[in-house]
Amino acid sequence: GQNIDQPTEMTATEGAIVQINCTYQTSGFNGLFWYQQHAGEAPTFLSYNVLDGLEEKGRFSSFLSRSKGYSYLLLKELQMKDSASYLCAVNNGGFKTIFGAGTRLFVKA
Amino acid sequence: DTEVTQTPKHLVMGMTNKKSLKCEQHMGHRAMYWYKQKAKKPPELMFVYSYEKLSINESVPSRFSPECPNSSLLNLHLHALQPEDSALYLCASSQAEGQTNEKLFFGSGTQLSVL
């Protein structure tokens, strides 16, 4: 079966660092994506990992361990505008991308 | 232009109505997708068109009928829907060059309510 697990909600303080974890079990694996989705808006692409290791892009970094079926998204220097849902997604082969339920992040002052 | 445009943004329809959702992109992408998203749930893939041909149908009921008139346009025709079909319908596109890192560009969605 296909399964992508993320925590439902997280709360963090402005200026802090937060790590959002994702574990996956899928029939195929062609890469893992993180998307950000503000309430009522479209998901937007944040990062992509296909090889093990850390990819850094500004305040956001994403890590992948294929042997463990595990990824995390690291957000540094949190800002209020980072309050959103963060969706972990796995490309299962071809055009099939499977999404996790998302982690709602609340950033407080 | 890096936008995917969806219309309408909101739609309320009865179970006997026929309506259509529209999606447009001008990024030269050759793959277009329909996803359905319920509140606090992940987007679920419904259909994929690649080079204007239906590539994937995820066993979607026939009351949903997709159409890809050309490489920039994607429609979803709705007929005899049920209240449980109420959801956010997201259109997305990607380059469709067969690369594994094809990211999806999403439209802002149509919030559909079926009464």
Check your understanding: What heavy-atom pair brings Ala42(A) and Gly107(B) nearest, and what distance separates the two atoms?
Key -> CB-O, 2.7 Å

Quick one: do [X] and [Y] end up in the same hydrophobic cluster if we chain Ile, Leu, Val, Met, Phe, Trp and Tyr together by side-chain heavy atoms under 4.5 Å apart?
X: Val50(A); Y: Phe33(A); result: yes
X: Leu73(A); Y: Met80(A); result: yes
X: Leu21(B); Y: Leu54(B); result: yes
X: Tyr72(A); Y: Leu46(A); result: no
X: Tyr35(B); Y: Ile56(B); result: yes

Review point. With a 4.5 angstrom heavy-atom cut-off, which part of Glu58(B) approaches chain A: side chain, backbone, both or neither?
Key: side chain

**Study point:** Gln6(B) versus chain A, the contacting section by heavy-atom distance below 4.5 Å
**Key:** neither

Exercise for review: Quick one: pull up CD in Glu102(B) and OH in Tyr48(A) and give me the separation to the nearest 0.5 Å.
Suggested key: 10.0 Å

Exercise for review: Could you tell me whether the side chain of Tyr35(A) reaches within less than 4.5 Å of the side chain of Lys103(B), counting heavy atoms only?
Suggested key: yes

Check your understanding: Does Ile4(A) reach the side chain of Pro42(B), with side-chain heavy atoms less than 4.5 Å apart?
Key -> no

Review point. Looking only at heavy atoms, which of residues 73-83 of chain B get nearer than 4.5 Å to chain A?
Key: none

Revision key, fill the gap. Per-residue tally against chain A (heavy atom, under 4.5 Å) across Gln111(B), Gln37(B), Glu44(B), Lys41(B) peaks at Gln37(B)

Around atom [atom1] of [X], are there more than 12 heavy atoms from other residues, nucleotides or ligands closer than 6.0 Å?
X: Lys57(A); atom1: NZ; value: yes
X: Glu14(A); atom1: CD; value: yes
X: Lys96(A); atom1: NZ; value: no

Review point. What option among Ala89(A), Pro43(A), Gly40(A) has the most heavy-atom pairs under 4.5 Å with chain B?
Key: Pro43(A)

Exercise for review: Could you tell me which residues in residues 97-108 of chain A have at least one non-hydrogen atom under 4.5 Å from a non-hydrogen atom of chain B, sorted by residue number?
Suggested key: Thr97(A), Phe99(A), Gly100(A), Ala101(A), Arg104(A)

**Study point:** Candidates Leu45(B), Val48(B), Leu104(B) - the one meeting side-chain contact (heavy atoms from CB on, under 4.5 Å) with Phe95(A)
**Key:** Val48(B)

